[in-house]
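Let me begin by presenting the structure, written as structure tokens, before commenting on it.
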Amino acid sequence: MKQRSILFMIFMTIITVGLYEVYWYIKFQMELKNATGDGFGGLGHFLASIFTFGIYGIYWQFAAGRRLAKQGASDWSVLYLILTFTPAVFLNPYLMQYQANNLKK
């Protein structure tokens, strides 16, 4: 999976008023799909989130944690799911990228 700077992600999210986060979700899901073979592709993931009014997005937070664990990261899937229902949900992309950055190659 691609290494990304967390500080760069935060900076780009602020500068683009959140559009970078949408881009990140699509790219990250594409990378997860390529690495694990599970789930939709990036655009399919984004469209599923829209058409289900965000319900798929909630599930995806949990599933992404499982897919990262499948690659050797710690299983933080329940943490991602819990954060989805709190104002701290904005932390999930940064935590996921942190885990992806620390995967052994």
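- Hydrophobic clustering (side-chain heavy atoms under 4.5 Å, transitive across Ile, Leu, Val, Met, Phe, Trp, Tyr) keeps I55 apart from I82.
- Looking at heavy atoms from C-beta onward, Y98 lies in side-chain contact with N102 at the 4.5 angstrom threshold.
- M1 and I26 fall into different hydrophobic clusters, where Ile, Leu, Val, Met, Phe, Trp and Tyr are joined by side-chain heavy atoms under 4.5 Å apart, directly or via other members.
- Taking the centre of each ring, Y56 and W60 stay at or above the 6.0 Å mark.
- For the atom pair CE of M96 and CD1 of I6, the computed distance is 11.5 Å after rounding to the nearest 0.5 Å.
- In terms of hydrophobic clustering, with Ile, Leu, Val, Met, Phe, Trp and Tyr side chains grouped at heavy-atom distances under 4.5 Å, L32 and Y59 are assigned to a common cluster.
- With values rounded to the nearest 0.5 angstrom, L68 atom CG is found 11.5 Å from K70 atom NZ.
- Of the possible polar contacts, none joining the Q97 side chain to the N92 backbone as a donor-acceptor pair under 3.5 Å is found.
- Under the 3.5 Å distance criterion, with hydrogens and angles disregarded, no donor-acceptor pair is assigned to the side chains of R67 and T36.
- Taken to the nearest 0.5 Å, the CG atom of L79 stands 9.0 Å off from the OG1 atom of T84.
- For the residue pair P93 and M9, the shortest heavy atom distance occurs at O-CE, 3.9 Å.
- Using a 4.5 Å heavy-atom threshold, the side chains of Q61 and L83 count as separate.
- One finds the NZ atom of K2 at 7.0 Å from the NZ atom of K27 (value rounded to the nearest 0.5 Å).
- Residues F90 and W76 are members of one and the same hydrophobic cluster, defined by side-chain heavy-atom contacts under 4.5 angstrom among Ile, Leu, Val, Met, Phe, Trp and Tyr.
- Between D38 and K33 there is no salt bridge, since no side-chain N of the basic residue sits under 4.0 Å from a carboxylate O of the acidic one.
- Salt bridge status for E31 with R4: present, with a side-chain N to carboxylate O gap under 4.0 Å.
- At a cut-off of 3.5 Å, with distance as the only test, a side-chain donor of Q99 or Y80 sits close to an acceptor on the other residue.
- Annotation: side chain of M12 is not in contact with side chain of E21 (no heavy-atom distance under 4.5 Å).
- Ring centroids of Y23 and Y20 are separated by less than 6.0 Å, placing the two rings close together.
- Cluster annotation: Y25 and I50 are assigned to distinct hydrophobic clusters (Ile/Leu/Val/Met/Phe/Trp/Tyr, side-chain heavy-atom contacts under 4.5 Å, transitive).
- Summarising the geometry, atom CD belonging to Q3 is positioned 8.0 Å from atom CG belonging to L103; distances are rounded to the nearest 0.5 Å.
- Side-chain contact check for W24 versus T13: every heavy-atom pair is 4.5 Å or farther apart.
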